[in-house]
Amino acid sequence: MENFEFHAPRALAEVYALLDEHEYDARLIAGGTSLITFMKQQLVQPDHLIHLGKIDALRGVEIVDGEMVVKALTTYRELETHPLVLEHAPQIAEVFSHVATMRIRESATIGGGLSQGDSAQDGPGLWLLLNARVVLSSNNGEREVAMNEFIEDYFTTVIEPNEVLTEIRIPLPPTHAGFAYSKFLPRSEDDYAAVSVGALTTLGTDGKIASARLTLGSVAAIPVLVPAEMLVGQPTDTDLINAVAESLRELVDPLDDVRGSAAYKTDMAVVFARRTLQSSLQRAIR
Ligand SMILES: Cc1cc2nc3c(=O)[nH]c(=O)nc-3n(C[C@H](O)[C@H](O)[C@H](O)COP(=O)(O)OP(=O)(O)OC[C@H]3O[C@@H](n4cnc5c(N)ncnc54)[C@H](O)[C@@H]3O)c2cc1C
């Protein structure tokens, strides 16, 4: 690892000033679970490391105007166990309780994870499913970016070098919604998924499908939202579920890698999408 200057500011204003001063020579560090590895491998060699851990404004989970606000330094483990998450959006706790290992979940933060723009992580697909917005802040003020516009390509987000990801805002899922999340882990339980699928559905009082949302991770450069409007107004046992699952073949573009070939991952995405949609419909309350 190369030498670098370590900064531990206590206020966001100091972070913005450091980013303005050092621009591409600086890197933020949160949990360090990725960045330290990249630095050891000399993939990233910042001259200035700006530690966010002492900034209280980046900590906490709260409910504001019917939305859950998750500050950037919230760890995966906190999301798994936070009383507000368990009460208002247990879907989030369910997903994060199955990410990597406990040791990683204790350190990895929501801000650090999302900032990487890695669709193989669990967060991006989940945040897209829940229609979340990402808040980016700098000396120029604050801007909000919809999750479907946040990741542009492999490991590429819209974050500018002078910006900090400060929080994400998540509309609370309806309490009667059915939720299911599945991931295909061909190697080990704590590995990144070869394919991950989330589904969120609601039923009308007539028992027919009132809304359906389906997202996938690990199958393209960015998380994929599968159009599922054709299910609305249909009974839950409709053959259209197969049609929605099959339609994603046109939307995905996975890589051949150690977790499987692109063709295999595409087939698994279809199978997992069908099963996950069916599970979420079974869990939806009329
Ligand atoms: C072995 C292993 C397996 C894993 N498996 C999974 C998995 O299956 N699913 C999953 O979702 N995650 C998984 N993770 C976690 C994930 O890949 C990242 O390591 C983690 O989310 C990074 O969070 P961090 O807080 O440690 O970020 P850091 O390592 O501190 O930073 C990562 C990047 O984000 C930038 N950054 C950090 N905070 C901010 C901010 N607030 N604003 C702007 N930029 C910022 C940094 O400059 C850096 O470029 C795994 C990690 C490991 C090590």
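Whatever order the structure lists them in is the order used to number ligands and atoms, beginning at 1. All of these numbers come straight from a predicted model, not from anything done at the bench.
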Discussion item. For residues Trp127 and Val226: do they belong to one hydrophobic cluster (side chain heavy atoms under 4.5 Å, members Ile, Leu, Val, Met, Phe, Trp, Tyr)?
Written reply: no
Fill in: Ligand-residue contact atoms, ligand 1 with Val99, heavy atoms, under 4.0 Å
6 (C), 7 (C), 9 (N), 10 (C), 11 (O), 12 (N), 13 (C)
Worksheet item: When you measure from atom 52 (C) of ligand 1 to every protein heavy atom, which one gives the shortest distance, and what is it?
Response: Ile104 CD1, 3.4 Å
Discussion item. Tell me the nearest of Gly113, Gly125, Gly117 to atom 23 (O) of ligand 1, using heavy-atom distances.
Written reply: Gly113
Discussion item. Can you tell whether the side chains of Arg59 and Glu78 come within less than 4.0 Å, N to carboxylate O?
Written reply: no
Worksheet, complete the sentence: Of Gly112, Ser137, Ser196, the one whose closest heavy atom lies nearest atom 27 (O) of ligand 1 is Gly112
Discussion item. Less than 4.0 angstrom from a charged side-chain N to a carboxylate O is my criterion; do Glu142 and Arg169 meet it?
Written reply: yes
Worksheet item: Nearest to atom 47 (O) of ligand 1, what protein heavy atom do you find, and at what distance?
Response: Leu28 O, 2.5 Å
Item to complete: Over 60° means perpendicular and under 30° means parallel, so classify the ring planes of His22 and His48, tilted if in between.
Response: parallel
Response to the item:
Among non-hydrogen protein atoms, atom 49 (O) of ligand 1 lies closest to Arg27 NH1, 2.8 Å
Worksheet item: Just by distance, with hydrogens left out, do Tyr192 and Asp118 show a side-chain donor and acceptor under 3.5 Å apart?
Response: no
Worksheet item: Which bit of Tyr76 gets closer than 4.0 Å to ligand 1, counting heavy atoms only: side chain, backbone, both or neither?
Response: side chain
Worksheet entry | Contacting atoms of ligand 1, where contact means under 4.0 angstrom from a heavy atom of Gly31 | 24 (P), 25 (O), 26 (O), 30 (O)
Discussion item. Show the atoms of ligand 1 that are less than 4.0 angstrom away from any heavy atom in Ala108.
Written reply: 20 (C), 21 (O), 23 (O), 25 (O), 26 (O)
Worksheet, complete the sentence: of all protein heavy atoms, closest to atom 17 (O) of ligand 1 is Tyr192 OH, 2.5 Å
Worksheet item: Is there a side-chain contact between Phe6 and His51, using heavy atoms and a 4.5 Å cut-off?
Response: yes
Practice prompt. Specify side chain, backbone, both or neither for Thr109, according to which of its non-hydrogen atoms lie closer than 4.0 Å to ligand 1.
Written response: both
Worksheet item: Do any nitrogen or oxygen atoms of Ala193 lie less than 3.5 angstrom from nitrogen or oxygen atoms of ligand 1?
Response: no
Worksheet, complete the sentence: the protein heavy atom lying closest to atom 16 (C) of ligand 1 turns out to be Gln121 NE2, 3.4 Å
Discussion item. Can you name the atoms of ligand 1, numbered from 1 with element, that are less than 4.0 Å from a heavy atom of Ile29?
Written reply: 30 (O)
Practice prompt. Give yes if a backbone or side-chain nitrogen or oxygen of Lys183 is under 3.5 Å from a nitrogen or oxygen of ligand 1, and no if not.
Written response: no
Fill in: Nearest non-hydrogen protein atom, atom 39 (C) of ligand 1
Ser115 OG, 3.6 Å
Discussion item. If the threshold is 4.0 Å, N to carboxylate O, is there a salt bridge linking Arg77 and Glu80?
Written reply: yes
Worksheet item: With a 4.0 Å cut-off, would you call Arg249 and Asp267 a salt bridge?
Response: yes
Response to the item:
The closest protein heavy-atom partner of atom 26 (O) of ligand 1 is Thr33 OG1, 2.6 Å
Worksheet item: Is it the case that Ser218 and Ser196 place a side-chain donor and acceptor less than 3.5 Å from each other?
Response: no
Worksheet item: Any side-chain donor-acceptor pair under 3.5 Å between Ser34 and Gln116?
Response: yes
Response to the item:
Contact region, Asp122 to ligand 1, non-hydrogen atoms below 4.0 Å, reads both
Worksheet item: Closer than 4.0 angstrom: is that true for some heavy atom of Asp191 and an atom of ligand 1?
Response: yes
Practice prompt. Please check if Leu52 and Val135 belong to a single hydrophobic cluster, counting links between Ile, Leu, Val, Met, Phe, Trp and Tyr side chain heavy atoms closer than 4.5 Å.
Written response: no
Worksheet item: Taking the minimum heavy-atom distance to atom 30 (O) of ligand 1, which of Ser188, Gly32, Pro161 ranks first?
Response: Gly32
Worksheet entry | Donor-acceptor contact present, side-chain Lys265 to main-chain Leu255, <3.5 Å | yes
Worksheet item: Do Leu277 and Val252 belong to the same hydrophobic cluster, where Ile, Leu, Val, Met, Phe, Trp and Tyr are linked whenever their side-chain heavy atoms lie under 4.5 Å apart, directly or via other members?
Response: yes
Fill in: Nearest neighbour in protein (non-hydrogen) for atom 42 (N) of ligand 1
Leu165 N, 2.8 Å
